[in-house]
Amino acid sequence: MLRTCKKCGGPVGQQDLYCIHCGMPLEKEPPREEREEEKEQNLAEPLSMGAYLLIGLILCIPIVNLIVPIIWILNRDCNPNRRNLAKAWLIFAVAGTVLMGLFSYGLFRFFTVAPSVPYEYHHFEYTIPGDMVPEDFPVDLNEI
């Protein structure tokens, strides 16, 4: 990232102490500590344990657990940590709904298709040739 001279507006390097066009002394970059303090000021306050418990209770209520996260996502003044939690919750809710739907459909198809197969396909008829059955066998196997 190039800096510019405040007097002539010419481009200068990051480590230059003087402008190469007009010779004017250049301002130094702010120390790293000042930049880190600016970054810390932009961070949002973390959610407390009580806030997480309240959010968990809210997300346990049917229908409300879909409406409230949408409100949190659309609200730009909301804590960004709460907004990100709401986004993650909605992703899990949609994925869970899709998976539950597929699983339910599979169970429905399993229990409705299996009984519709004709009974003839569930068993086999065996005939035993007469010469393979001993003569003193008490039951006629061909009549069963």
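Numbers here are sequence positions counted from 1. Fair warning: this is a prediction, and the values are worked out from it, not measured in the lab.
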Between [X] and [Y], is there a shared hydrophobic cluster once you connect ILVMFWY residues whose side-chain heavy atoms come closer than 4.5 Å?
X	Y	result
Phe92	Leu85	no
Met24	Ile20	no
Ile91	Tyr52	no

Is any side-chain heavy atom of [Y] closer than 4.5 Å to one of [X]?
X	Y	answer
Leu53	Leu57	no
Ile67	Ile63	yes
Lys6	Cys19	no
Pro25	Leu17	no
Cys60	Asn65	no
Arg82	Trp72	yes
Arg83	Arg76	yes

Whether the side chain of Asp16 engages the backbone of Tyr18 through a donor-acceptor N/O pair (distance < 3.5 Å, no angle test) should be reported.
no
Under 3.5 Å, side chain of Asn75 to main-chain N/O of Ile71, donor-acceptor pair present?
no
In sequence, state the C-alpha distance, the side-chain angles, and the governing distance for Leu47 and Asn79, and then conclude on side chain to side chain contact (heavy atoms under 4.5 Å, CB included).
CA-CA 8 Å; Leu47 296 174; Asn79 187 327; 3.5 Å; yes
Which residues satisfy the side-chain contact (heavy atoms from CB on, under 4.5 Å) test with Leu66, sequence neighbours excluded?
Leu90, Ala93
